[in-house]
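Accompanying notes for the structure given below.
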Amino acid sequence: MSSGHWRREPTVSIKGQDSAIMAKGITKRSDDYSQWYIDIVRKAEMAEHSPVKGCMIIKPTGYGVWQKMQQHLDRLFQETGHENAYFPLFVPESFLKKEAEHVEGFAPECAVVTHAGGKLLEEPLVVRPTSETIIWSAYKDWISSYRDLPLLINQWANVCRWEMRTRLFLRTTEFLWQEGHTAHATHEEAEEETYRMVHIYQKFAEEYMAMPVHVGRKTDREKFAGALHTYCIEALMQDGKALQAGTSHHLGQNFAKAFEVMFQDKDKERKYVYGTSWGVSTRLIGAMIMTHSDDNGLVIPPKLASLPVVFVPIWRSDEEEAQVLGAARELTKDWDPLFYKIDDRDHYKPGFKFNQWELKGIPIRIEIGPRDVANHQIVAVRRDTGEKITLPMEGLREKLEAMLEDIQQNLLAQARKRVEENSYVVDSYEDYKARYEDGGFFHVFLDHENPAVEEQLQNETRSTIRCIPFNAQEEEGPCMLTGKPCKGRVIIAQSY
RNA sequence: CGGGGUGUAGCGCAGUCCGGUUAGCGCACCUGCUUUGGGAGCAGGGGGUCGGAGGUUCGAAUCCUCUCACCCCGACCA
């Protein structure tokens with residue numbers, strides 16, 4: 001491995017004694033959670049601010065995570081019959097206006113191009129905040145028979161939403177995402193698709209991100225502008241705030257009607273098609289950070305790590321350097337080059353490298369020095385537990401694979417435990433008001449069909465109904481606010 | 001929109017009140033030597049249109065006017 005491409009660590013100056021910043025330059029979570037988050041993003045070199053307010057530059061460490069997410073998700077999409085395509089960035093303004101609720105929801109946060117080529121455009125172009133309109137305008141030409149259905153398309157793209165308050169990865173003006181857009185012959189098929197995809201998101205969150213989520217339906221107040229209803233996955237961050245991590249929308253015939261997308265069915269009738277759309281974004285990177293990382297830096301679940309294993313060789317003399325590096329190279333000569341890296345930089349001491357790779361969240365660090373070479377062993381250090389484990393060189397690759405799997409499982413178990421410990425069943429509003437400020441998921445009876453109830457909850461406690469969970473127990477109880485009998489509990493929380 | 005604050009090297013800052021050689025300091029960076037099992041030491045070195053424009057002056061980072069950007073508080077919104 002050459003050492004020409006190693007990236008420099010950002011500088012951090014330590015302020016006065018009163019500062020919450022510790023020696024490593026990372027604020028402790030217990031001192032200031034949002035500052036901790038900013039420190040992790042910056043110190044682990046995931047992203048930085050761009051010259052344009054609210055936009056971000058995603059650096060290789062951050063983009064590497066996104067590429068792993070893309071890999072896994074793309075496979076899950078393709079396994080369920082979806083194909084990728086690409087639609088344009090610019091949407092004629094008139095398109096956006098064709099679906100009333102949709103335009104009302106998105107107009108305030110759209111960026112609009114009015115000039116191009118030095119001239120005023122005849123019709124302004126909206127930079128897509130989402131692509132339903134441009135895609136459905138194409139579907140009108142793509143669909144004419146029931147034989148064209150279902151149409152299962154996904155695209156990986158950037159979108160732009162002009163947000164007032166932004167935070168790296170969690171809410172940025174421009175972000176990367178995937179958006180699936182499907183068309184079906186019947187309401188039932190569209191419903192199946194909407195339901196299937198939200199569960200694919202759940203599978204991805206739990207099996208790949210090691211992030212437990214609740215799956216359920218959004219209230220009308222929180223649903224997508226233009227949808228009949230929205231399903232979602234909701235995760236709980238370490239500070240007790242909820243984060244919407246993915247959504248899947250049943251669009252009914254709303255966009256089909258707006259764009260006149262019809263098909264001739266077996267019964268010879270011409271009918272409007274039913275649609276769905278679903279998406280997850282680079283926000284998932286923020287979710288990953290706030291689910292697993294600690295005061296020492298980033299923690300990347302093995303399945304999202306573009307670099308799972310890093311070797312830190314240790315030597316004193318030139319002879320030892322040759323010996324140790326030689327042993328490391330010999331040991332790994334048949335390994336996949338994407339699986340590991342040997343950190344042979346000679347201008348940093350091993351201790352510095354330990355800290356740097358820890359900060360960057362690499363799942364396993366391997367220490368190999370003269371003593372190890374003599375004993376034909378290495379020392380593996382787990383990022384999740386910090387445990388140091390001496391392993392023989394024989395069969396190391398297989399042992400590391402097993403250890404990665406164990407780290408993945410342990411991270412999920414830890415996260416599950418944390419969510420369980422911060423989930424509460426509450427029956428009275430007084431009780432809720434006394435406890436909500438400490439964060440967590442609260443399972444309560446609430447008349448979620450009445451928007452005024454949710455509005456009051458939000459005004460008084462800055463909390464919202466995160467979802468009406470699919471797996472709620474069959475029980476009945478009085479609405480916490482109005483006393484009206486409700487079936488099943490909903491999940492409420494303060495959220496990002 | 002109102003009030004307050006800050007703009008000086010990649011990052012963090014001093015210098016500005018009271019104008020005066022070549023604008024400093026720490027970290028980072030480069031070179032060399034010594035180091036290397038949890039963030040090394042010493043020596044040398046590179047890097048600045050002092051946010052921008054205009055003015056006062058023999059002379060402006062420093063004084064005056066205008067302007068831009070960002071941050072905090074409030075208002076608005078959620």
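Below, chain A is the first sequence line, B the second, and so on; all start at residue 1.
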Answer yes if the side chains of A/T130 and A/R128 hold a donor-acceptor pair under 3.5 Å, and no otherwise.
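No - no donor-acceptor pair under 3.5 Å links their side chains.
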Have A/W278 and A/T276 got a donor and an acceptor in their side chains that come within less than 3.5 Å?
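Yes, side-chain donor-acceptor contact under 3.5 Å.
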Would A/K349 count as a cation-pi partner of A/F352, with NZ or CZ less than 6.0 Å from the six-membered ring centre and within 45° of the ring normal?
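No, cation not above the ring by the 6.0 Å, 45° rule.
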Distance to the ring centre below 6.0 angstrom and angle to the axis at most 45 degrees; does that hold for A/K353 and A/Y348?
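Not flagged: A/K353 not positioned over aromatic ring of A/Y348.
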Is there a donor on the side chain of [X] or the base of [N] sitting less than 3.5 Å from an acceptor on the other?
X	N	value
A/R316	B/G37	no
A/Q356	B/G39	no
A/K388	B/G38	yes

Can you check the [X] [atom1] to [N] [atom2] distance for me, whole Å?
X	N	atom1	atom2	answer
A/I368	B/U36	CD1	P	18 Å
A/H347	B/A28	NE2	P	12 Å
A/I314	B/U35	CD1	P	17 Å
A/D318	B/U35	CG	C1'	12 Å
A/E109	B/A78	CD	C1'	12 Å
A/N355	B/G38	CG	C1'	6 Å
A/E321	B/U35	CD	C1'	13 Å
A/D39	B/C11	CG	C1'	13 Å

Run the salt-bridge test on [X] and [Y] with the 4.0 Å N-O cut-off and return the result as yes or no.
X	Y	value
A/D295	A/K28	no
A/E174	A/R161	no
A/E367	A/R365	yes
A/E93	A/K98	no
A/E48	A/R42	no
A/E320	A/R371	no

Taking the [atom1] atom of each, how far is [N] from [M], in whole Å?
N	M	atom1	result
B/G3	B/G15	C1'	28 Å
B/G4	B/G47	C1'	35 Å
B/G20	B/U16	P	9 Å
B/A53	B/G7	C1'	16 Å
B/A43	B/G37	C1'	28 Å
B/A9	B/G48	P	11 Å
B/C64	B/C71	P	26 Å
B/G24	B/A69	C1'	26 Å

State the dot-bracket string of RNA chain B. Criteria: Watson-Crick or G-U wobble, both atom distances under 3.5 angstrom; notation: ( ) intrastrand, [ ] crossing earlier pairs, | interstrand, . unpaired.
((((((((.[[[[.)....(...]]]].((((((.....)))))).....[[[[[..)....]]]]])))))))....
Any base atoms under 4.0 Å from A/R462, or only sugar-phosphate, or nothing? Heavy atoms, all strands.
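Nothing, no heavy atom under 4.0 Å.
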Answer with base, sugar-phosphate or nothing: what part of the nucleic acid does A/V312 contact at a heavy-atom distance below 4.0 Å?
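If one applies the 4.0 Å heavy-atom cut-off, A/V312 turns out to touch nothing in the nucleic acid.
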Under 3.5 Å, N/O pairs linking protein and nucleotides 75-77 of chain B:
none

Measure from the side-chain heavy atoms of A/Q458 and tell me the nearest of B/G39, B/A78, B/G38.
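Ranking B/G39, B/A78, B/G38 by closest atom to the A/Q458 side chain puts B/A78 first.
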Could you say whether A/R371 or A/R221 is positioned toward the 5' end of RNA chain B, judged by the nucleotide with the nearest heavy atom to each?
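Its nearest nucleotide being more 5', the pick is A/R371.
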Report yes if a side-chain nitrogen or oxygen of A/K349 is closer than 4.0 Å to either non-bridging phosphate oxygen (OP1 or OP2) of B/G39; otherwise report no.
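The answer is no; no side-chain N or O of A/K349 sits under 4.0 Å from OP1 or OP2.
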Can you tell me if the side-chain N/O atoms of A/Y348 get under 4.0 Å from OP1 or OP2 in B/C29?
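Answer is yes, contact under 4.0 Å.
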If you look only at distance, which donor and acceptor atoms sit under 3.5 Å apart when one is on a side chain in residues 391-414 of chain A and the other is two or more places apart or in another chain?
from, atom 1, to, atom 2, distance (Å)
A/E394, OE2, A/H376, NE2, 2.9
A/R397, NE, A/E401, OE2, 3.0
A/R397, NH2, A/E401, OE2, 2.7
A/E405, OE2, A/Q409, NE2, 2.8
A/D406, OD2, A/R382, NH1, 2.6
A/D406, OD2, A/R382, NH2, 3.4
A/Q408, OE1, A/K303, N, 2.9
A/Q408, NE2, A/E207, O, 3.2
A/Q408, NE2, A/Y208, O, 3.0
A/N410, ND2, A/D384, OD2, 2.7

